[in-house]
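Chain A is the first sequence line, chain B the second, and so forth, proteins listed ahead of strands; every chain is numbered from 1.
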Amino acid sequence: MNYWLIKSEPFKYSWSTFVKDQITFWDGVRNYQARNNLREMRVGEMCLFYHSNEDKQVVGIAEIVKEFYQDPTTEDPNWVVVDVKPVNTLLKPVTLNQIKSDPRLNNIGMIKQPRLSVIKITQLEFNTILELSNEN
DNA sequence: GCCAACGTTGGC
DNA sequence: GCCAACGTTGGC
């Protein structure tokens with residue numbers, strides 16, 4: 001079982017839009033590493049949903065409901081999407097600062113590779129972020 | 001196959 | 001709005 005962190009710019013596709021939609025395909029990935037991560041995602045695996053740019057915080061939890069298939073927004077067979085649905089809105093969002101300042105999250109992929117939009121994280125990192133969300 | 005140039009992303 | 005980091009492209 002893998003855990004993931006997916007990033008979106010809130011003005012492009014925000015958590016609240018996602019909650020309204022209930023289900024969406026995660027498109028627009030044009031990076032091979034991120035694409036490879038999409039291909040590894042399995043139904044039932046959990047993702048943290050992170051708002052980049054203005055927000056810079058983890059705002060919710062999503063679940064993979066359909067494994068990768070051809071990106072419907074392009075003919076190029078290199079690119080795939082997965083279907084995700086929202087599971088939970090975090091009581092308190094977890095900010096990038098909190099993530100950076102927690103020693104357990106020193107090695108989280110999103111800090112080492114800030115530009116990657118689909119990142120594999122460990123169960124510990126996943127749980128730690130949920131814990132941070134409850135603590136404040 | 002290397003590397004410079006360029007584009008994109010995201011934090012500040 | 002700037003800039004650093006990084007990925008991609010294209011010329012050699």
*asked:* Less than 4.0 angstrom between a side-chain N/O of A:Lys56 and OP1 or OP2 of B:dG10, yes or no?
replied: no
*Can you find a heavy atom in the side chain of A:Met41 that is under 4.5 Å from one in the side chain of A:Cys47?*
yes
*Reckon A:Leu116 touches a base, only the sugar-phosphate, or nothing at all at heavy-atom distances under 4.0 Å?*
nothing
*Does the pair A:Arg35/A:Asp71 count as a salt bridge with the N-to-O cut at 4.0 Å?*
no
*Taking CG from A:Asn53 and C1' from B:dG10, how many angstroms apart are they, rounded to a whole number?*
6 Å
*Sort and list the pairs that fulfil ring-ring contact (aromatic ring centres under 6.0 Å, His included) and have at least one residue in residues 97-124 of chain A, not counting sequence neighbours.*
none
*Side chains of A:Asp21 and A:Tyr13: do they bring a donor and an acceptor to under 3.5 Å?*
yes
*In whole Å, what is the span from the CE atom of A:Met110 to the P atom of B:dG10?*
10 Å
*Answer yes if the side chains of A:Asn97 and A:Thr95 hold a donor-acceptor pair under 3.5 Å, and no otherwise.*
no
*Is it true that the side chains of A:Asp83 and A:Tyr69 contain a donor and an acceptor less than 3.5 Å apart?*
yes
*Are A:Leu105 and A:Leu96 grouped together when hydrophobic residues (ILVMFWY) are joined by side-chain heavy atoms under 4.5 angstrom apart?*
yes
*Round to the nearest Å and state the distance from A:Gln57 atom CD to B:dG11 atom P.*
12 Å
N/O-N/O pairs, protein side and nucleotides 5-8 of chain B side, under 3.5 Å:
unit_1 : atom_1 : unit_2   : atom_2 : d
B:dT8  : O2     : A:Arg115 : NH2    : 2.7

_Expressed as a whole number of angstroms, how long is the span from A:Ile119:CD1 to B:dG10:C1'?_
11 Å
*Of all of residues 29-38 of chain A, which get a heavy atom below 4.0 angstrom from DNA chain B, listed by number?*
none
*Side-chain N,O (A:Tyr50) to OP1/OP2 (B:dT9) below 4.0 Å*: no
*Between P of B:dG10 and CZ of A:Phe11, the distance in whole Å*: 11 Å
_Pair A:Arg104, A:Glu125 - check salt bridge (Lys or Arg N to Asp or Glu O under 4.0 Å), show working._
CA-CA 7 Å; A:Arg104 290 170 296 178; A:Glu125 288 160 351; over 6 Å; no
_Nearest-angstrom distance from the residue atom CD1 of A:Ile108 to P of B:dG10_ = 15 Å
*If you take all heavy atoms of A:Met1 and A:Met46, which pair is closest and at what distance?*
CE-N, 4.1 Å
